[in-house]
Protein chains: 2
Amino acid sequence: MEGRETLDKARERIIETIAQNIHLYGLTASAGRQYGTMFFHDEPMTLDDMTEELGMSKTSMSTSVRALAELKLVERAWVRGVRKDLYQVKDDWYQSFINLFSIKWRRSISLQSVAVKKSLRELEQLKNNPDISEELKEIVEMDINKLQYARDYFDWLDRLIDAFEDHDIFDLVPLKEGNGE
Amino acid sequence: MEGRETLDKARERIIETIAQNIHLYGLTASAGRQYGTMFFHDEPMTLDDMTEELGMSKTSMSTSVRALAELKLVERAWVRGVRKDLYQVKDDWYQSFINLFSIKWRRSISLQSVAVKKSLRELEQLKNNPDISEELKEIVEMDINKLQYARDYFDWLDRLIDAFEDHDIFDLVPLKEGNGE
DNA sequence: TTGTTTGTACAGTAAAAACTGTACAAAGTT
DNA sequence: AACTTTGTACAGTTTTTACTGTACAAACAA
């Protein structure tokens, strides 16, 4: 087999594997293919480059590169003399993993915490209402327990993400040597 | 407002919030609603109970409870005298979080590691091929570096999940008091 | 055995998501 | 100013996913 062919096959395998697994980041296989392509492309790429490389519409390239950028998997680059928007992958994968939590999980936890706290307040008040039956009160108390558990859990998740963001996680799970942490 | 009504609204808010956020576990909103319903339902539920409660087909309940069980968010329960399959939520949410990584992430990491190692082997061999041009060799060496980085990253992720599974993570990010760890 | 209950495979349908092409606004160029 | 280039909003289409209903196999009951 020709050398360049071997190289391309080796790359293609990685790109396709990324495409098949990036759903863990809530992204589509196409976005994954785009990411993988940029990963091996050593210069920053324009939307037209991606259209060319992936054979998809420029509109698609625009929307999915946006999704990648929102998760900070790629970033814009500036090269003098180039007017088109340029994108390149952010090459710190550890940070990208952390960003998934900082961005997607943090938002989700916040929404869920708000809901839990609101329901908790309502149920605490209901519990103290003297008009409710003993039977209902017992159910309310059980639900309060469940929601307190949920509140603690989301608080823990928040602290976990703090530990990611502060890089304390690397004390517990160290990088290999020579990884520059 | 009637007491029972307050309770139901408080529950409904939580169930809907779970439904809107369970995509982080790769599950559909319907599966989230099913999970939330079971969370507040103190007895284990049958597929027919769920059909009743959620107004969806039994087939749907069957497939989505399967997805929930695969992620170990719910488990089967046995109650003497009941012939139907019974399901209940697993009430350790910390463990459920860990299970997400043990199950979904671990599988994904394994697939990606295999691909990376395979491509790495091919490129190492290509690099040592004396017939390739100097130009190509340089590209190959850069790709090898990238794949070594990827290999190290997946190795780190694997060790991170080990730390989750071994509960070492709770040394770094402790539970609140009274959470039974 | 025959009859009943229960879960799910499978085919078909409905709904949602991904993708494309056109059209246009914003910014740059001459 | 007029013209060009670039990114994206939006409408329409294609593809995928979620969901339903039927049919049936497995397990149990009589």
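Chain naming here is simple, since letters A, B, ... match the order of the sequence lines and numbering starts at 1 in each.
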Enumerate all atom pairs, one protein N or O and one N or O from nucleotides 15-17 of chain C, separated by less than 3.5 Å.
none

Please give, in whole Å, the distance from [N] [atom2] to [X] [atom1]?
X       : N      : atom1 : atom2 : value
A/Ile22 : C/dA18 : CD1   : P     : 13 Å
A/Arg76 : D/dT6  : CZ    : C1'   : 11 Å
B/Arg33 : D/dC19 : CZ    : P     : 8 Å
B/Leu54 : D/dC19 : CG    : C1'   : 13 Å

### Query
Does the cation-pi check pass for B/Lys146 over A/Phe39, that is, NZ or CZ under 6.0 Å from the six-membered ring centre and within 45° of its axis?
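Yes, B/Lys146 lies over the aromatic ring of A/Phe39.
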### Task
Describe, in one word, how the ring planes of A/Phe97 and B/Trp105 are oriented to each other, choosing from parallel (under 30°), tilted (30 to 60°) and perpendicular (over 60°).
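Aromatic pair A/Phe97/B/Trp105 classed perpendicular.
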### Query
Is the distance from OP1 or OP2 of C/dC19 to the nearest side-chain N or O of A/Ser60 less than 4.0 Å?
no
### Query
Has the side chain of A/Tyr149 got a donor or acceptor atom that lies under 3.5 Å from a matching backbone atom of B/Trp93?
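Between the backbone of B/Trp93 and the side chain of A/Tyr149 there is a qualifying donor-acceptor contact (under 3.5 Å).
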### Task
Return yes if some donor-acceptor pair links the side-chain N/O of A/Ser96 with the main-chain N/O of A/Asp92 below 3.5 Å, else return no.
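Between the backbone of A/Asp92 and the side chain of A/Ser96 there is a qualifying donor-acceptor contact (under 3.5 Å).
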With the threshold set at 4.0 Å, does a side-chain nitrogen-carboxylate oxygen contact exist between [X] and [Y]?
X        : Y        : result
B/Asp155 : B/Arg151 : no
B/Asp143 : B/Lys127 : no
B/Asp131 : B/Lys137 : no

### Query
Considering only heavy atoms, which members of residues 13-21 of chain B lie under 4.0 Å from some atom of DNA chain D?
none
Measure all distances between protein nitrogen or oxygen atoms and nitrogen or oxygen atoms of nucleotides 6-13 of chain C, and list the pairs falling under 3.5 Å.
residue	atom	partner	partner atom	Å
C/dG7	OP1	B/Asp85	N	2.6
C/dG7	OP2	B/Lys58	NZ	3.4
C/dT8	OP2	B/Ser62	OG	2.5
C/dA9	OP1	B/Arg66	NH2	3.1
C/dA9	N6	B/Thr59	OG1	3.4

### A/Lys104 atom NZ, over 12 foreign heavy atoms within 6.0 Å
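Yes.
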### Query
If you draw a 6.0 Å radius around CD in B/Glu70, do more than 12 non-hydrogen atoms from other residues or ligands fall strictly inside?
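Counting other residues, nucleotides and ligands, CD of B/Glu70 stays at 12 neighbours or fewer.
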### Message
Test of understanding: with side-chain contact (heavy atoms from CB on, under 4.5 Å), list the residues that count as partners of B/Ala67, not counting sequence neighbours.
### Response
B/Leu27
### Message
With each end axis built from five pairs of C1' atoms, what bend angle do you get for the helix from C/dT1-D/dA30 to C/dT30-D/dA1? Round to 10°.
### Response
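The angle, to the nearest 10 degrees, is 10°.
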### Student check: side-chain heavy atoms of B/Arg33 and B/Glu16 closer than 4.5 Å
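Yes; the side chains approach each other to less than 4.5 Å.
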### Listed partners of A/Phe154 passing ring-ring contact (aromatic ring centres under 6.0 Å, His included), at least two apart
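By the ring-ring contact (aromatic ring centres under 6.0 Å, His included) rule, A/Phe154 matches no residue at all.
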### Query
Run the side chain to side chain contact (heavy atoms under 4.5 Å, CB included) check on B/Glu122 and A/Arg13 step by step: do they pass?
CA-CA 11 Å; B/Glu122 291 174 2; A/Arg13 178 182 302 113; 2.9 Å; yes
